[in-house]
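If you're wondering where the values come from, they're calculated on a predicted model, not measured in any experiment.
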Amino acid sequence: MQESASPLGRDAGPRRRRRVRWRGEWLTGYAMVFPATALIAIFGLFPIGYAIYMSLYRWRIRQGGFVGLDNYEKVLGDWGGAAAFFGGLALILVAHHLWTRAFRAHAGWRRYGPLFGAVTLLSAGIAIALGWGRMVEAGEARFLGGLIRTTYYGFLSVPIQIALALVLASLLFQRLRGSETFRMLFFLPYVTPAVAGAAVYAALFSPRPERPVNTVLGWLGIPAQDWLFETDPVLELIANGVLARVARLAGTEPIEVALSGFWAGPSLALVTIIVFGIWTYTGYNAVIFLAGLANIPRDLYEAAEIDGANGRQRFLHVTIPMLSPVTFYLTVLGFIGTFQAFTHLYVMRVPATRDAVDTASVVIFDTFYKRNDFSLAAAQSIVLFVIILILTLFNQRVLGGRGAR
């Protein structure tokens, strides 16, 4: 018995030591991630959970009774319309999945996949349009209007920021004389305090004819604009300006057009603020692109040059694909930032424009502080959070997948 028990006794020691070491590593790992996990839980997850909790009660200064989903119904107006709208957003993701799968699958699916994707995308557009129409009829008009202005702000600001930043970074990466100075100058708008920058920008775009921007327009023969005080859609202003010039040349009375609805575009006041956002964040994006350019292997450019690729082809087929992860990162942060933008919008808006520049964040702020309706503001915040989440998933599907490939 002693001879048979002896080997087991010798094996039990190393196993016990391995088990103790494994438990030590396990505890060390959890101890190291605990601080970050606790901070995310306290400052990230808890506010979201508390906002959901507030949105389920009648809460004006003090907590009232439980009202369930009444605040969400007040915001969205119609549950059927909301389901159609958010279902349409989800269908866009499905359509992208079908198209992506069609180019990777066998011949049969490759033939019909794009057709299914097109039908799904068309269904998504119809569902979004019908759902939005029902929501606007019965929901809170000011918040839903703020979502439209937020969409204008995000989709007009972020793509231009990314494109300008990529061009600037490519030029600065050529190591031209004085490039370090230009890097600092382009980055300055990002580190300038938002309130100070917005105040100076509002002075530059003052409606007075003698102010800088209107003075430059006067040199070009363009009449002075009201800029931050102009609530008419910018497309309507451009169309009427062109028609007035044509009528002047033809010697006839000018014809004025009036545009309304989503396709009329943002007001000139909002476009002025969008230009400020582009000015602020283009330099920051350019610095991030510069870091990405530095990590592209030189061998790829040399191989492309040996194959006969010119500068434009190397930029299109080497630089842009290799910067896809950086582009994805900047696009996601850019859209999240524009959907949460508040400071410069609040500083630059003027009472004369009423709500022409009020994005969703500004409306939520007014609901919370001016109307003291905490529960409704919480419900609006959760709706905006869901939209940002869907938008981030869409970016992940489109740009994240390209970066991974």
- Task: Check the angle between the aromatic planes of Tyr57 and Trp59 and answer parallel, tilted or perpendicular using the 30° and 60° thresholds.
- Result: perpendicular
- Task: Give me the ring orientation class for Trp132 and Phe85: parallel if the planes are under 30° apart, tilted from 30 to 60°, perpendicular past 60°.
- Result: tilted
- Query: For the residue pair Tyr284 and Tyr281, is the inter-centroid distance of their aromatic rings smaller than 6.0 Å?
  - Reply: no
- Query: Is the closest side-chain heavy-atom distance between Val362 and Phe342 below 4.5 Å?
  - Reply: yes
- For Tyr152 and Thr359, does a side-chain donor sit closer than 3.5 Å to a side-chain acceptor? no
- Item | Criterion side-chain contact (heavy atoms from CB on, under 4.5 Å) on Thr150 and Thr338, from CA distance to verdict | CA-CA 7 Å; Thr150 304; Thr338 52; 6.0 Å; no
- Evaluate the criterion side-chain contact (heavy atoms from CB on, under 4.5 Å) for residue pair Phe394 and Leu89; output intermediate values, then yes/no. CA-CA 9 Å; Phe394 182 75; Leu89 294 180; over 6 Å; no
- Message: Taking the ring of Phe155 and the ring of Phe335, is the distance between their centroids below 6.0 Å?
- Response: yes
- Query: Can you tell me how far the CZ atom of Arg149 sits from the CG atom of Asp355, to the nearest 0.5 Å?
  - Reply: 4.5 Å
- With sequence neighbours left out, the residues meeting salt bridge (Lys or Arg N to Asp or Glu O under 4.0 Å) with Arg211 are none
- Give the ring-plane orientation class for Trp279 versus Phe276, where under 30° counts as parallel, over 60° as perpendicular and anything between as tilted. tilted
- Task: Output all residues satisfying salt bridge (Lys or Arg N to Asp or Glu O under 4.0 Å) with Asp366, sequence neighbours left out; order by chain, then residue number.
- Result: Arg142, Arg349, Lys370
